[in-house]
Amino acid sequence: MMADRTLEILHARLDRAAGPLYLAIADAIGQAIAQGELRPGDRLPPQRQLAVGMRVDLTTVTHAYTEARRRGLLDATVGRGTFVRGTEPVAPAPSAAGAMMDLSMNLPPQPAGQLLRRALLDGMSRLLRPADLAGLMAYRAGAGSRADREAAAAWLRPVVGDVEPERVLVCAGAQAAMTGLLVMLARPGDTVLAETLSYPTFRALAAQLGVRLVAVATDRDGLLPDALDLACREHHPKALYCTPTIHNPTTATLPPERRLAVAEVARRHDLPIIEDDAYGLLPTQALPAVTSLAPRAGYYIATLSKCLSPGLRVGFVVAPDASGAARLATAVRATSLGASPLTTSLATQWLRDGTAAAVRDAVRAEAVARQLVAREILPPSAMAAHPEGLQVWLQLPDHWNRGEFSTHMRRQGLALVPSDAFLVGPTAPNAVRIALGAADNRDALRTALHSVVAAMQDDTPDQLADVV
Ligand SMILES: Cc1ncc(COP(=O)(O)O)c(C=O)c1O
């Protein structure tokens, strides 16, 4: 890369107000790498040239390069210059050599290259300046700091529109949000509605709390408003839990007019919606949240788990109003105390400086590529998928029962999830969920999907071999 271009890139990112200048230059280098503008092997301008170009002392640049090297961002070779560090050796794939390939967890695929790793190294080193340590190592109970809530409100704008930060809560992932909400909205013995197939850990949560789940009928597009209306009249539920965008597991996405109809039925019955939008920020064309379509329609949950990484354990709720947010903060405090200040601060930094969008775009690009692999290999008539989603919902041929198929695949070293894991009622379809993001890479995914197709075509299922 030309030295002038590198100068331009670093200049654009230099925040002269952010403490010592040498750290700000190191930060700018880290951001440019995280966002893919500087790539492994790119040569940085000689220190003197950068100093002149940025109008700073030579010693400031020397300190900045030393700091960037300390952060693992740069390599310097005497006589050759300073380069963006190359790709580190990748750890051996756990699924290699006969080990189990686990496609049962709906993980975002790792973005290609070292983007996430670099963003973590750079982001953490910016966070861990001595003055900030005490705040990061303390509790941050309640709804989150003002900065966290503002950053979250801006991130969620494409889906929920403009919301005041007072309505936003930060919590330890969507699971902590739904725990707080279910505790707040329902008591043991109460009924909550959900789609006929629903997120297994929500089912587990309801079971733990003694809350009865009742299924609302769905079709290939998702919830049926008339069925919701009927269920409200029959069961007097305390809430509706639903995933209108890239539903887990069926991948159904509720069309805009149905979103309005669902919001309207909920409003008529004064039914709070718990809208779990775990996948809603993956599609390029964001759809409006159901809870944004009617005033006080309910609680909107988002998470960084599916578009960045579940390791952050950072999720958000948009409450219908500030008092709903305050009530929920009390429930979240009682059930999970609050999100980690360390990862929340990292997330807030990433939301503000564009790193979150860059990582999300890279995750999305890899998800799209994997969906194309799946389309190439799996029978089109059997699969349901969203082109930017993380999973495939696969209908099995009649000669296979989903449970037996999953056991068969597990024996072959491949873990999938049969529909029964998601069942609220009344009957489980003969289908399995395949989490495409969990494969180590596209080649491993190809191998796994070819083995799925081979097994589907085998019409002498091996469970018969076990009968003696
Ligand atoms: C629908 C749905 N909601 C929530 C989650 C979990 O989100 P988090 O990691 O933020 O707790 C998942 C994870 O698979 C999910 O599929």
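Quantities reported herein were computed from a predicted structural model and do not represent experimental measurements. Both counts, for ligands and for their atoms, begin at 1 and track the order of listing.
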Atom 6 (C) of ligand 1 sits nearest the protein heavy atom Tyr199 OH, 3.3 Å
Applying a 4.0 Å heavy-atom criterion (strictly less than), which segment of Phe202 is in contact with ligand 1: side chain, backbone, both, or neither? neither
Among Leu107, Thr303, Asn106, which one puts a heavy atom closest to atom 10 (O) of ligand 1? Thr303
Where ligand 1 meets Asn248 - atom numbers and elements under 4.0 angstrom, heavy-atom basis: 15 (C), 16 (O)
Under a plain distance cut-off of 3.5 Å, with no hydrogens placed, do Thr348 and Asp148 share a side-chain donor-acceptor pair? yes
Selection from Arg313, Met105, Gln391, Lys306 by shortest heavy-atom distance to atom 14 (O) of ligand 1: Lys306
Partner residues of Arg203 under the salt bridge (Lys or Arg N to Asp or Glu O under 4.0 Å) criterion, sequence neighbours left out: none
Less than 4.0 angstrom from a charged side-chain N to a carboxylate O is my criterion; do Arg13 and Asp353 meet it? no
Polar contact flag for Ala174 and ligand 1 (N/O pairs, less than 3.5 Å): yes
Which option wins on minimum heavy-atom distance to atom 1 (C) of ligand 1: Asp276, Asp277, Ile246? Asp276
Any side-chain donor near an acceptor of the partner, Asp276 and Tyr199, under 3.5 Å: no
Using only atom types and a distance under 3.5 Å, with no angle test, would you say the side chain of Glu275 pairs donor to acceptor with the backbone of Thr291? yes
